[in-house]
Every structure is written in structure tokens, then in C-alpha cells.
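Numbering of residues begins at 1 and proceeds along the displayed sequence.
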Amino acid sequence: MESKRQQKFAGVLQQDLATIFQREGQSYLPNTLVTITKVRVTPDLAIARVFLSFFNNVNVQQSLQLVKSHASEIRYKLGARIKDQVRVIPQLEFFVDDTNEYVERMDKLFDKISKEPRQPDEEAE
């Protein structure tokens with residue numbers, strides 16, 4: 001479980017990274033909307049695991065690799081924003097947040113199940 005300090009720091013990172021991707025994300029991934037869905041920070045605040053969601057994108061893994069290739073540049077820009085608040089700028093690790101895909105898959109399964117004819121209960125007899 002994360003401490004209050006980790007949660008607060010993760011919130012700051014999420015806001016600043018969102019701003020960076022909003023302003024300069026088009027140079028990395030044109031015509032793609034990148035959303036920072038979650039940030040998890042290690043207890044020593046040295047590593048930040050950033051979960052990204054890509055919209056209007058065909059190849060998510062390729063986009064993730066492209067973001068990872070720009071990780072040092074993104075970390076530098078993040079450092080310029082938070083340098084007065086922290087001693088060490090955390091290393092950034094990027095992951096795909098596939099929660100939306102999972103929810104869509106579950107919704108389709110539930111729709112399929114609800115459309116199937118119901119079997120009469122055998123125990124009721």
C-alpha cells in the first residue's frame with residue numbers, strides 16, 4: 001500500500017506529465033491522444049511507473065516503444081517543472097493501461113450472456 005507521501009508525489013507527477021504530453025505529445029505521436037491514467041511511485045520516490053492510454057491509435061505497442069525511446073527527454077522536461085519540489089527526479093517507466101479494453105471485452109461478454117435464452121431452473125421442480 002502506498003503512503004500518503006507516495007500518493008501525493010504520484011499526483012504531482014501525473015499532472016505535470018499530462019501537461020507535457022498535452023503540449024508536446026504531438027511531436028512524439030502525431031494524431032494520437034495520450035492520457036496518463038495512473039502513476040505509481042516506489043517508496044524511495046526514485047522510480048515512477050507511468051500507465052498510459054492511447055486513443056485514436058492503431059498500434060499501441062509501437063506507440064509505447066516510441067514513448068519509451070523519448071523517456072530521457074520526457075524526464076528532463078519533467079525535471080524542469082518539479083526541480084524545486086524534489087531532490088531526485090524519478091526514473092520513468094512506461095506501461096500500457098489496458099483497463100478500457102478490458103472493460104469493453106467484459107461488456108461484450110455480458111451482452112452476449114444476457115442475449116442467450118435462459119435455461120429453466122431444474123432445482124425448482
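- A 4.5 Å side-chain heavy-atom check between Leu52 and Thr35 finds every atom pair outside the cut-off.
- For the pair Leu13/Pro90, a side-chain contact is recorded, criterion being any heavy-atom separation below 4.5 Å from C-beta on.
- At a threshold of 4.5 Å between non-hydrogen side-chain atoms, the residues Val12 and Val86 do not count as touching.
- With hydrogens and angles ignored, the 3.5 Å screen pairs a side-chain donor or acceptor of Arg75 with a backbone N or O of Ile89.
- Judged by distance alone, with hydrogens and angles left aside, the side-chain atoms of Glu2 form no donor-acceptor pair with the main-chain N or O of Arg40 at under 3.5 Å.
- Formation of a donor-acceptor pair under 3.5 Å by the Thr37 side chain with backbone atoms of Phe51 is found in this model.
- Taking the side chain as every heavy atom from C-beta outward, Glu73 and Lys77 approach each other to under 4.5 Å.
- Atom OG1 of Thr19 is separated from atom CD of Gln22 by 6.5 Å, given to the nearest 0.5 angstrom.
- Counting non-hydrogen atoms of neighbouring residues, nucleotides and ligands closer than 6.0 angstrom, the CZ atom of Phe95 exceeds 12 such neighbours.
- Here the side chains of Gln62 and Asn57 are not in contact, with every heavy-atom distance at 4.5 Å or above.
- Taking 4.5 Å as the limit, some side-chain heavy atom of Val67 sits within range of a side-chain heavy atom of Ile74.
- Side-chain N or O atoms of Gln6 include one that pairs as donor or acceptor with a backbone N or O of Ser3 at under 3.5 Å.
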For side chain to side chain contact (heavy atoms under 4.5 Å, CB included), just list the numbers for Leu33 and Asn56, CA-CA rounded to whole Å, side-chain angles, deciding distance to a tenth of an Å, and then say yes or no.
CA-CA 7 Å; Leu33 176 64; Asn56 196 21; 5.7 Å; no
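- Here the closest non-hydrogen pair linking Phe94 and Lys68 is O-CE, 3.1 Å.
- The main-chain N or O of Ala48 is never found under 3.5 Å from a side-chain atom of Gln91 such that the two would form a donor-acceptor pair.
- A 6.0 Å sphere centred on CZ of Phe110 holds no more than 12 heavy atoms belonging to other residues, nucleotides or ligands.
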